[in-house]
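Below: the structure, in structure tokens.
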Protein chains: 2
Amino acid sequence: MPEHSSGNSLLYLTDEQLRQGIEAMYFAYRGFTADPDRILGTMAYGRAHHRAIHFIKRAPGTTVTNLLAILGVTKQSLNRVLRALIEDGLVESQVGSSDRRERNLFLTEAGEALENRLSEAQRTRMRAAFRDAGPEAVAGFRKVLESMMDGDMKRRYASLRENGQ
Amino acid sequence: MPEHSSGNSLLYLTDEQLRQGIEAMYFAYRGFTADPDRILGTMAYGRAHHRAIHFIKRAPGTTVTNLLAILGVTKQSLNRVLRALIEDGLVESQVGSSDRRERNLFLTEAGEALENRLSEAQRTRMRAAFRDAGPEAVAGFRKVLESMMDGDMKRRYASLRENGQ
DNA sequence: ACAATACGTCAGCTTTGTTGACACTCCAAG
DNA sequence: CTTGGAGTGTCAACAAAGCTGACGTATTGT
């Protein structure tokens, strides 16, 4: 690789530029989680509950094993969160119809309500950022984020996109 | 939902698009932290140590209070991390010259070595993602991330950029 | 009948965050 | 020169959310 075959086209790959990208990612992620965290802080829930609720809303009827794979945590860790949500009546766990070993997870009305509050806060920030930056910037944003995922997660994300579309 | 007044120009602001942005952010952040986490997992350190090391490298001689403001954690939490790093000889804490209440923090040689290992792993992934996506996408990525930060963090990020450049 | 799968749970450990209380050093203002 | 307050460090106690390992139960498929 010749040092600067086309000058400008490689300038953005200097270590300084990469470091700025790293720090931008760090600070932006904190902004990204700030609003839901504030809401959750007023109740007995945390980020883990938010994630569970999000993906149950996303794929109603999903099984525990599937959720485990998406979230990438242990059964015990997820179970603690899920148990609280079920006890509090935000999530319903139904015995699977075809395979009765499985549990299909759904949000109750109360669960949907909380999900809405949380995701609306997050969407509002995302919407503002997207509007601010414009469509082309958004396309670039998505492109870089997808490249930055691990292989596994890229697959999970892709399968979610198919379902959602 | 037939709300597409001007079609394409607003398409990226539908709830579905926003949700995809949210999920992309979630999965990408996990990729972003995966490599350093793997390295740190082999020692007695975690993400908190990485963050401290990163910002000390970034602004050598920084004070504890300044680090506190950047990281947004409590004194006690940071102190626990810092104490471990100092005891292990990765960070040096020098009494301030002008104000002797302050402690100026520096990386030792061993600290620099670890910082390099960690940030090189992170830069490698970021570099690949940037190269994959291209310069325009990178510009968009940065633009959206900056818009997504909280006011406070945007200021911290901006001041870091000034110093770094 | 038996092995494998899906799920739940108990016990115990780690990291990283939190509050609250307290002490020390030092600078600056009265 | 004393005193108030800022910067720092430390103790204790606790919580959230991750982890491993082990075990039990129900169900399914071979």
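Every chain is numbered from 1 and lettered A, B, ... according to where its sequence line falls, protein lines coming before strand lines. Everything numeric in this text was worked out from a predicted model, so none of it was measured.
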Quick one: label A:Gly41 by what it contacts on the DNA or RNA (base, sugar-phosphate, nothing), any heavy atom closer than 4.0 Å. nothing
Regarding A:Arg142 and B:Gln20, do their side chains bring together a donor and an acceptor under 3.5 Å, going by distance alone? yes
What pairs of residues pass the salt bridge (charged side-chain N to carboxylate O under 4.0 Å, His left out) test when at least one of them lies in residues 107-116 of chain A, not counting sequence neighbours? A:Lys57-A:Glu112
Under the side-chain hydrogen bond (donor to acceptor under 3.5 Å, both in side chains) test, residues paired with A:Thr63 that sit two or more places apart: none
Check the distance between [N]'s [atom2] and [X]'s [atom1] and give it to me in whole angstrom.
X        : N      : atom1 : atom2 : answer
A:Arg80  : D:dG18 : CZ    : P     : 7 Å
A:Glu102 : C:dA4  : CD    : P     : 19 Å
B:Leu105 : D:dG7  : CG    : C1'   : 13 Å
A:Asn79  : C:dA6  : CG    : P     : 16 Å
A:Asp37  : C:dG17 : CG    : C1'   : 12 Å
B:Leu71  : C:dT18 : CG    : P     : 11 Å
A:Asn104 : C:dA6  : CG    : C1'   : 12 Å
B:Leu68  : D:dT10 : CG    : P     : 14 Å

Please list all pairs meeting ring-ring contact (aromatic ring centres under 6.0 Å, His included) that have one or both residues in residues 100-134 of chain A, counting only residues at least two apart or in different chains. A:Phe130-A:Phe141
Can I get a per-line list of side-chain donor-acceptor pairs under 3.5 Å for residues 36-51 of chain A, giving both atom names and the distance, sequence neighbours left out?
unit_1: A:Asp37; atom_1: OD1; unit_2: A:Arg47; atom_2: NE; d: 3.3
unit_1: A:Asp37; atom_1: OD2; unit_2: A:Arg47; atom_2: NE; d: 3.2
unit_1: A:Asp37; atom_1: OD2; unit_2: A:Arg47; atom_2: NH2; d: 2.6
unit_1: A:Arg38; atom_1: NH2; unit_2: A:Asp35; atom_2: OD1; d: 2.8
unit_1: A:Thr42; atom_1: OG1; unit_2: A:Ile39; atom_2: O; d: 2.7
unit_1: A:Tyr45; atom_1: OH; unit_2: A:Asp88; atom_2: OD2; d: 2.3
unit_1: A:Arg47; atom_1: NH2; unit_2: A:Thr33; atom_2: OG1; d: 3.4
unit_1: A:His49; atom_1: ND1; unit_2: A:Gly46; atom_2: N; d: 2.9

Who pairs with [X] by salt bridge (Lys or Arg N to Asp or Glu O under 4.0 Å), at least two apart in sequence or on another chain?
X        : result
A:Arg155 : A:Asp152
B:Lys143 : none
B:Arg83  : none
A:Arg123 : A:Glu120, B:Asp15

Out of D:dG18, C:dG8, D:dT10, minimum distance to the side chain of A:Val64 belongs to C:dG8
Between protein and nucleic acid, restricted to nucleotides 20-23 of chain D and to nitrogen or oxygen atoms under 3.5 Å apart, what atom pairs and distances do you find?
unit_1: D:dG21; atom_1: N7; unit_2: A:Gln76; atom_2: NE2; d: 3.4
unit_1: D:dG21; atom_1: O6; unit_2: A:Gln76; atom_2: NE2; d: 2.6

Passing option when B:Glu23 is tested against A:Lys154, A:Arg58, A:Arg156 for salt bridge (Lys or Arg N to Asp or Glu O under 4.0 Å): A:Arg58
Under a 4.0 Å heavy-atom cut-off, which of residues 45-54 of chain B touch DNA chain D? none
Keeping to residues at least two apart or across chains, list the side-chain hydrogen bond (donor to acceptor under 3.5 Å, both in side chains) pairs with something in residues 72-82 of chain B. none
Compare side-chain N and O positions of B:Arg103 against OP1 and OP2 of D:dG7 and report whether any pair is under 4.0 Å apart. no
Short N/O separations, protein against nucleotides 25-30 of chain C, under 3.5 angstrom:
unit_1: C:dC26; atom_1: OP1; unit_2: B:Arg100; atom_2: NH2; d: 3.3

